[in-house]
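Worksheet for the structure shown next.
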Number of protein chains: 2
Amino acid sequence: MNEQENKLKHTETSKSLPIAMLRAREAIMLSFRPVLAKHGFTEQQWRVLRVLGEKGPSDAGQVAFDACILAPSLSRILGKLEKDKYISRFIDANDGRRINLSLTTLGEEVLEKIVPETGIIYNSLQKSYGEEKLRVLLELLGEISQWKGR
Amino acid sequence: MNEQENKLKHTETSKSLPIAMLRAREAIMLSFRPVLAKHGFTEQQWRVLRVLGEKGPSDAGQVAFDACILAPSLSRILGKLEKDKYISRFIDANDGRRINLSLTTLGEEVLEKIVPETGIIYNSLQKSYGEEKLRVLLELLGEISQWKGR
DNA sequence: TTTATATAGTTAATATGTTAAGTTCTTTAG
DNA sequence: CTAAAGAACTTAACATATTAACTATATAAA
């Protein structure tokens, strides 16, 4: 590969990491979204429910980080999830700025109902793609996530 | 790992592929977005310009695929890019439904001005992460993109 | 203690994501 | 040739993404 080609490499969309991640993610979400939609949830709402189910009650900042959702988006999502009674939010006793969140019984119920359905899809992916490859991919993505930029 | 743990594995957000890709992508975009913003572009607008620069004039459907943007979003983005004179769009002579797109001279100029700046960032990532790892990651993501779902 | 600064969330404004419906043009069945 | 079906793009409606400004509380400095 000559100098010119190397300089332009990252401009090729097929070799652009952000676009590659977007494409790959989209291929997967194409299967997941209909399942969530059937139950009336968006992927973001679903991430919030899963995070709360996995780590138990947390404050909004923690959920925002875990679900990879920015604070302004989370605020609106929480408003809807609370209105629909999937979660409850209350001010922290020790820090009046902090909002604690937890699943309601209804929230736990839908979580347990939907998880098996998404599990079927994920298992199918794992089967056709390979468990080891999947492990490597998660590892590599995890390292990218650590990048502090420049 | 027992049966119960295995069943819940994909529910752990740290091992969820869609979330892992989201996180990794965000880590990278955190560095890229300010550069694009400095020039007044969003990442989606930038993807459209890059795709047109890389493959030359294309119809809207092709650009939508290449830039990984859904048609409705692309319509709005094209409206803005055209208004700002970065691209031109005209109806295909052989198929009245199809819209052909191409960069204007101004579009080519901004592309050539910004690409080197993003290149610096990408090279930094490549250096700290490793060229070989990056290649493997792109390969694995490419395979995921092929997945037809189930 | 009073002021300054920082933190956690929310609200606002603009852009994009997502699904459904609508338009216009093409192709195909009859 | 004509009506039906399909394709490419646009518009609409609602949800989320992004950045900035704002509110309330908490902590640190003077």
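- Nearest nucleotide to the side chain of A:Ala60, out of C:dG9, D:dT10, C:dA15: C:dG9.
- Neither OP1 nor OP2 of D:dA8 sits under 4.0 Å from any side-chain N or O of B:Gln62.
- Regarding contacts with the backbone of C:dT16, a side-chain N or O of B:Thr42 is found under 4.0 angstrom from either OP1 or OP2.
- Taking side-chain N and O atoms only, A:Gln44 has no distance below 4.0 Å to OP1 or OP2 of D:dA15.
- At the phosphate of D:dT10, OP1 or OP2 sits under 4.0 Å from a side-chain N or O atom of B:Arg89.
- Hydrophobic clustering (side-chain heavy atoms under 4.5 Å, transitive across Ile, Leu, Val, Met, Phe, Trp, Tyr) groups A:Leu78 together with A:Leu103.
- For the pair A:Arg47 and A:Phe41, the NZ or CZ position fails the cation-pi test of under 6.0 Å to the six-membered ring centre and within 45 degrees of the ring normal.
- Between the side chain of A:Arg97 and the base of C:dT7, a donor-acceptor pair under 3.5 Å is found.
- Proximity of A:Ser73 to the phosphate of D:dT18: no side-chain N or O atom is located under 4.0 Å from OP1 or OP2.
- Checked by distance alone, B:Arg76 brings no side-chain donor or acceptor within 3.5 Å of a matching partner on the base of D:dA12.
- More than 12 heavy atoms of other residues, nucleotides or ligands sit less than 6.0 Å from atom CG of B:Leu106.
- Residue contacts for B:Leu74: at a heavy-atom cut-off of 4.0 Å it reaches no nucleic acid atom on any strand shown.
- Contact annotation: A:Arg98 reaches the phosphate of C:dA8 (side-chain N/O to OP1 or OP2, under 4.0 Å).
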